[in-house]
Amino acid sequence: FHEVIFMGFVDLHVHSNASDGSFSPSEVVSLAARAGLCAIALTDHDTVDGIGQAETAAKTEGIRLIPGIEISSMYEGTEIHILGLFVQPEEPSLAGILEKFRAIRDNRNRLMLERLAADGMTFKDGQLTGGNPDTVITRAHVARALVEAGYASSLDQAFKRFLKYGGKYCPYKESPPPETAVEALLKNGAFVSLAHPYQYKLGDEGIRRLAARMKEMGMQGLEVYHSSHNQYESGKLQVLAKELGLLPTGGSDFHGAGKPDISIGTGRGGLRVSSLLLDDIDRSRSGRAAR
């Protein structure tokens with residue numbers, strides 16, 4: 001008998017309006033179900049607040065929901081993003097560290113808004129939160145508010161003109177080093193992966209150095225498939241993951257209106273992430289649990 005392997009499609013990197021996405025967690029799950037996906041990971045920035053609502057919706061829609069998070073970190077002067085899949089949202093040590101990360105982000109936001117206001121750019125109540133008063137405010141929220149208030153003609157212009165990291169209006173966040181973020185996620189029982197490596201403009205050797213260092217810290221995955229990677233880059237990351245003994249992860253980085261050219265499940269340019277990747281992660285996690 002030949003073993004029949006069922007293969008569907010997954011998206012292991014999506015955002016809701018608990019951070020900088022434009023859809024609620026339950027709407028994101030509905031969109032994923034309509035796109036025919038069998039599983040998604042909700043990976044909002046520095047928050048797990050949307051997971052409860054997403055899990056409830058996933059039960060109704062008959063789709064698997066992987067609780068996740070995307071944490072900002074500072075590596076040699078470059079902001080990088082680290083994905084935690086299978087986080088335990090209720091675990092107290094995670095809540096403690098997220099509180100610290102949120103304070104860092106709030107401080108950066110306060111400075112950013114003060115600098116914009118000093119040059120006459122102010123916002124009405126509610127313009128920043130995008131309809132969710134409990135959201136974690138990110139640069140994307142400020143970009144949307146700049147467009148809505150008429151200070152920028154597009155999101156692209158808002159980012160380029162006002163929101164460049166380290167620019168006049170957007171100071172760097174005092175993000176934690178990768179060691180702190182990885183340790184916190186591992187302590188929580190999460191599967192840790194480096195998000196979209198080519199976005200950091202480190203070059204192939206720089207990516208290799210960063211991934212190898214994070215592997216030593218205990219990182220288990222590398223985001224090989226992403227909307228910002230072309231096939232050639234994904235191919236190189238596939239080879240790197242194999243060399244370092246990391247499992248490939250992949251996702252669209254869906255945000256809704258903030259990134260209108262990125263669709264859930266297919267990303268930009270027909271990205272498709274096989275559920276076989278998730279099977280490998282499941283196997284590695286059950287192997288660890290058994291040890």
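Side-chain atoms of Ser193 do not come within 3.5 Å of backbone N or O of Leu83 as any donor-acceptor pair. A donor-acceptor pair is defined here as one N or O able to donate and one able to accept, closer than 3.5 Å; such a pair exists between the side chain of Ser227 and the backbone of Arg268. Judged purely by atom type and a 3.5 angstrom limit, Ser275 has no side-chain atom pairing as donor or acceptor with the backbone of Leu278. In this structure, the side chain of Ser19 engages the main chain of His45 through a donor-acceptor pair within 3.5 Å. In terms of modelled atom types and a separation under 3.5 Å, the side chain of Asn230 and the main chain of Glu233 share a donor-acceptor contact. Side-chain atoms of Asp20 do not come within 3.5 Å of backbone N or O of Thr138 as any donor-acceptor pair. In this structure a side-chain-to-backbone donor-acceptor pair under 3.5 Å is missing from Glu223 to Gly250. When atom types are taken as modelled, the side chain of Tyr169 and the backbone of Arg161 share no donor-acceptor pair closer than 3.5 angstrom. Panel note: side chain Arg285, backbone Gly189; a donor-acceptor pair is recorded below 3.5 Å. Judged by distance alone, the side chain of Glu99 and the main-chain N or O of Ala95 form no donor-acceptor pair under 3.5 Å.
In terms of heavy-atom proximity, Arg108 sits nearest to Arg139 at NH2-CG, 3.7 Å. Contact detail for Ile207 and Pro197: the closest heavy-atom pair is CD1-O, 3.7 Å. Contact detail for Ala32 and Ile264: the closest heavy-atom pair is CB-CD1, 3.9 Å. Across all non-hydrogen atoms, the minimal contact from Leu128 to Ala145 is CD2-CB, 3.9 Å. His229 approaches Leu237 most closely through the heavy-atom pair CE1-CD1, 3.3 Å. For the pair Gly265 and Asp11, the tightest heavy-atom approach, listed with the atom from each and the gap, is N-OD2, 2.8 Å.
Note that CZ of Phe23 is 12.5 Å distant from NE2 of His255, once rounded to the nearest 0.5 Å. In this structure, CD on Glu55 lies 12.0 Å from OG1 on Thr60, to the nearest 0.5 angstrom. With values rounded to the nearest 0.5 angstrom, Leu277 atom CG is found 7.5 Å from Thr249 atom OG1. Ile137 CD1 to Asp46 CG: the interatomic distance, rounded to the nearest 0.5 Å, is 13.0 Å. For the atom pair CG (Leu85) and OG1 (Thr43), the distance works out to 7.5 Å, reported to the nearest 0.5 Å. Here the straight-line distance linking atom CZ of Arg105 with atom CG of Leu98 works out to 10.5 Å at 0.5 Å rounding.
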* Yes or no on salt bridge (charged side-chain N to carboxylate O under 4.0 Å, His left out) for Arg283 and Asp280, after CA distance, side-chain angles and deciding distance? -> CA-CA 5 Å; Arg283 265 196 295 275; Asp280 287 343; 2.6 Å; yes
* salt bridge (charged side-chain N to carboxylate O under 4.0 Å, His left out) between Arg209 and Glu76, worked out -> CA-CA 12 Å; Arg209 227 162 35 89; Glu76 295 182 358; 3.3 Å; yes
* To do: Give the intermediate values and the outcome of salt bridge (charged side-chain N to carboxylate O under 4.0 Å, His left out) for residues Asp204 and Arg208.
  => CA-CA 6 Å; Asp204 290 344; Arg208 171 181 294 279; over 6 Å; no
* Would you please test Leu247 and Ser284 for side-chain contact (heavy atoms from CB on, under 4.5 Å) and show each step? => CA-CA 9 Å; Leu247 289 176; Ser284 109; 3.7 Å; yes
* To do: Show your reasoning for whether salt bridge (charged side-chain N to carboxylate O under 4.0 Å, His left out) applies to Glu179 and Arg213.
  => CA-CA 9 Å; Glu179 289 84 351; Arg213 189 169 142 191; 2.9 Å; yes
* To do: Kindly indicate, with the supporting measurements, whether the criterion side-chain contact (heavy atoms from CB on, under 4.5 Å) is fulfilled by Val14 and Ile40.
  => CA-CA 7 Å; Val14 305; Ile40 61 163; 4.1 Å; yes
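Salt bridge status for Lys259 with Asp253: present, with a side-chain N to carboxylate O gap under 4.0 Å. Salt bridge Arg64/Asp282: present, at least one basic N to carboxylate O contact under 4.0 Å. A salt bridge between Asp106 and Arg102 is absent, with no side-chain N of the basic residue lying under 4.0 Å from a carboxylate O of the acidic one.
In this structure, a donor-acceptor pair under 3.5 Å is absent between the side chains of Glu79 and Tyr200. Between Ser24 and Asn17, the side chains place no donor N or O within less than 3.5 Å of an acceptor N or O (distance only, hydrogens not considered). Counted by atom type alone, Glu61 and Ser30 present one or more donor-acceptor pairs between their side chains at under 3.5 Å. Residues His81 and Gln199 have side chains that never bring a donor and an acceptor to within less than 3.5 angstrom of each other.
At most 12 non-hydrogen atoms from other residues, nucleotides or ligands lie less than 6.0 angstrom from CD of Glu90. More than 12 heavy-atom neighbours from other residues, nucleotides or ligands sit within 6.0 angstrom of CD on Glu114. Residue Glu91 places its CD atom among more than 12 non-hydrogen atoms of other residues, nucleotides or ligands, all under 6.0 Å distant.
Below 30°, between 30° and 60°, or above 60°: for His13 and His226 the angle between ring planes is between 30° and 60°, a tilted geometry. The aromatic rings of Tyr165 and Tyr172 sit parallel, their planes meeting at an angle under 30°, below the 60° perpendicular limit.
Using a 4.5 Å cut-off between side-chain heavy atoms of Ile, Leu, Val, Met, Phe, Trp and Tyr, with links allowed through other members, Met121 and Leu155 fall into different hydrophobic clusters. If you chain together hydrophobic residues whose side chains sit under 4.5 Å apart, Met74 and Phe101 never meet in one group. Met217 and Leu246 fall within a single hydrophobic cluster, where Ile, Leu, Val, Met, Phe, Trp and Tyr are joined by side-chain heavy atoms under 4.5 Å apart, directly or via other members. Leu244 and Ile80 fall within the same hydrophobic cluster, where Ile, Leu, Val, Met, Phe, Trp and Tyr residues are linked whenever their side-chain heavy atoms come under 4.5 Å apart, directly or through other members.
Contact of the Leu186 side chain with the Val192 side chain is registered, since non-hydrogen atoms from C-beta on lie closer than 4.5 Å. Taking 4.5 Å as the limit, some side-chain heavy atom of Phe123 sits within range of a side-chain heavy atom of Leu113.
In this structure, Arg272 forms a cation-pi arrangement with Phe9, its terminal cationic atom sitting closer than 6.0 Å to the ring centre and no more than 45° off the ring axis.
The six-membered or imidazole ring of Phe86 lies away from that of Phe191, with a centre-to-centre distance of 6.0 Å or more.
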